[in-house]
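Nothing here was measured: the structure is a model prediction, and the numbers come from that model. What you see below is based on every heavy atom in this structure, not just the backbone, and it leaves out hydrogens, waters and symmetry mates.
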Amino acid sequence: MTDPLSARLAVTVHAARTSQGLSVALLAERSGVSRAMIGKIERGDVQPTAALLAKLSAALGMTLSELIARAEGDERRLVRAAEQPVWVDPETGYRRRSVSPAAGHPLELVEVELPAGAEVALASGTYAFLHQQIWVLAGRLRFHEGAQVHELDDGDCLQLGPAADCVFANPGSEPCRYLVALVKRAT
């Protein structure tokens with residue numbers, strides 16, 4: 001694997017799983033990701049998609065941003081734009097930039113660029129412990145929240161409802177940029 005962030009993600013997923021005393025089988029059961037795929041991810045044999053990382057991070061009790069921040073090993077309070085970690089989904093080209101400093105919890109800001117025509121589906125478990133809002137910065141976003149479909153344009157902001165399977169889709173001919181603001185719910 002040539003991407004340094006992907007290599008650190010492999011180590012981070014393994015460390016998070018073992019620190020919680022979880023076997024690969026139990027993480028597979030909790031996340032819905034096969035044991036074989038978890039093994040490949042932890043060995044760095046594959047670059048995981050956004051959907052896979054979201055499932056794993058939720059099963060490990062952390063947000064996708066937390067998982068990426070751990071992989072970055074970054075605890076600064078100020079992160080300059082040029083230093084903010086960027087991760088690209090190898091399957092869809094979905095580009096995710098962690099805007100917030102890793103030490104900024106409980107609030108996280110994430111900027112996403114979704115290529116024209118791209119779709120990213122995330123399971124409801126990914127959102128079960130989060131309060132989220134989506135603010136469209138540029139372009140058009142079709143957001144499927146369970147059976148409900150929201151059409152969002154520049155400047156529109158949507159507060160997500162109860163956890164449901166979601167699909168982020170860009171029906172436009174240009175990339176869609178949006179900001180996701182999220183806070184962990186009290187457990």
Side-chain angles (χ1 to χ4, degrees), residues 3-6 8-9 12-13 16 31 47-116 118-145 150 152-161 163-170 172 174-185:
D3 177 16
L5 179 57
S6 294
R8 289 191 305 269
L9 277 168
T12 302
V13 169
S31 67
Q47 184 179 6
T49 64
L52 282 176
L53 281 179
K55 287 179 182 181
L56 291 173
S57 63
L60 292 166
M62 62 178 81
T63 66
L64 184 54
S65 296
E66 285 177 297
L67 184 66
I68 292 171
R70 283 190 188 183
E72 285 289 311
D74 192 352
E75 290 299 319
R76 295 174 291 169
R77 293 185 315 125
L78 171 64
V79 182
R80 304 283 181 198
E83 301 168 335
Q84 294 167 353
V86 174
W87 180 80
V88 179
D89 183 346
E91 186 174 288
T92 63
Y94 157 102
R95 187 174 178 83
R96 184 179 198 289
R97 182 168 62 102
S98 296
V99 176
S100 297
H105 296 282
L107 171 67
E108 292 183 33
L109 301 174
V110 177
E111 180 187 28
V112 176
E113 184 174 299
L114 191 60
E119 289 189 4
V120 174
L122 299 174
S124 62
T126 306
Y127 301 107
F129 60 97
L130 299 173
H131 169 79
Q132 295 189 81
Q133 294 185 13
I134 300 168
W135 180 30
V136 177
L137 302 171
R140 190 142 202 265
L141 180 65
R142 180 172 293 141
F143 182 70
H144 300 257
E145 185 178 27
H150 305 279
L152 305 170
D153 294 310
D154 291 3
D156 291 348
C157 186
L158 172 68
Q159 178 175 307
L160 274 61
D165 289 345
C166 297
V167 177
F168 294 82
N170 179 354
E174 298 292 325
C176 175
R177 283 183 46 245
Y178 56 93
L179 182 78
V180 180
L182 53 100
V183 177
K184 276 189 172 180
R185 296 181 194 269

### Partner set under side chain to side chain donor-acceptor pair (under 3.5 Å) for Ser57, not counting sequence neighbours
none
### Query
Between atom CZ of Phe168 and atom CZ of Arg142, what is the distance when rounded to the nearest 0.5 Å?
14.5 Å
### Query
Is any side-chain heavy atom of Gln159 less than 4.5 Å from a side-chain heavy atom of His131?
yes
### Message
Please give me the minimum heavy-atom distance between Leu56 and Ser31, naming the atom from each residue.
### Response
CD2-OG, 3.8 Å
### Message
Please check: side-chain N/O of Asn170 versus main-chain N/O of Pro115, any donor-acceptor pairing under 3.5 Å?
### Response
yes
### Task
Write down the atom of Ala16, the atom of Leu60, and the distance for their closest heavy-atom approach.
CB-CD1, 3.9 Å
### Message
Checking Glu174 now: which residues fulfil side-chain contact (heavy atoms from CB on, under 4.5 Å) with it, not counting sequence neighbours?
### Response
none
## Note on the structure
Residue set satisfying side-chain contact (heavy atoms from CB on, under 4.5 Å) with Ala50, at least two apart, ordered chain then number -> Trp87, Asp89, Tyr94, Val120
### Query
Which residues satisfy the side chain to side chain donor-acceptor pair (under 3.5 Å) test with His150, sequence neighbours excluded?
Glu145
### Task
Would you name the heavy atoms of Leu109 and Ala181 that are closest together and state the gap between them?
CD2-CB, 3.8 Å
## Note on the structure
Nearest heavy-atom approach of Ser124 to Ala164 is CB-C, 3.3 Å
### Closest approach of Ala51 to Leu122 (non-hydrogen atoms, all atoms of both residues)
CA-CD2, 3.5 Å
### Query
Arg95: what forms a side chain to side chain donor-acceptor pair (under 3.5 Å) with it, not counting sequence neighbours?
none
### Query
In Å, rounded to the nearest 0.5 Å, how long is the span from OG1 of Thr49 to NZ of Lys55?
8.0 Å
### For the student: nearest non-hydrogen atoms of Gln133 and Cys157, plus distance
OE1-SG, 3.7 Å
### Task
Tell me, please, which residues at least two apart from Arg140 pass salt bridge (charged side-chain N to carboxylate O under 4.0 Å, His left out).
Glu151, Asp153
### Message
According to side chain to side chain donor-acceptor pair (under 3.5 Å), who are the partners of Glu113, at least two apart in sequence or on a separate chain?
### Response
none
### Query
Any side-chain heavy-atom pair from Tyr178 and Trp135 closer than 4.5 angstrom?
no
### Summary
Those residues at least two apart in sequence (or on a different chain) that pass side-chain contact (heavy atoms from CB on, under 4.5 Å) with Thr12 are Leu67, Arg70, Ala71
### Task
Decide yes or no for Leu114 and Leu141: does some side-chain heavy atom of the first lie under 4.5 Å from some side-chain heavy atom of the second?
yes
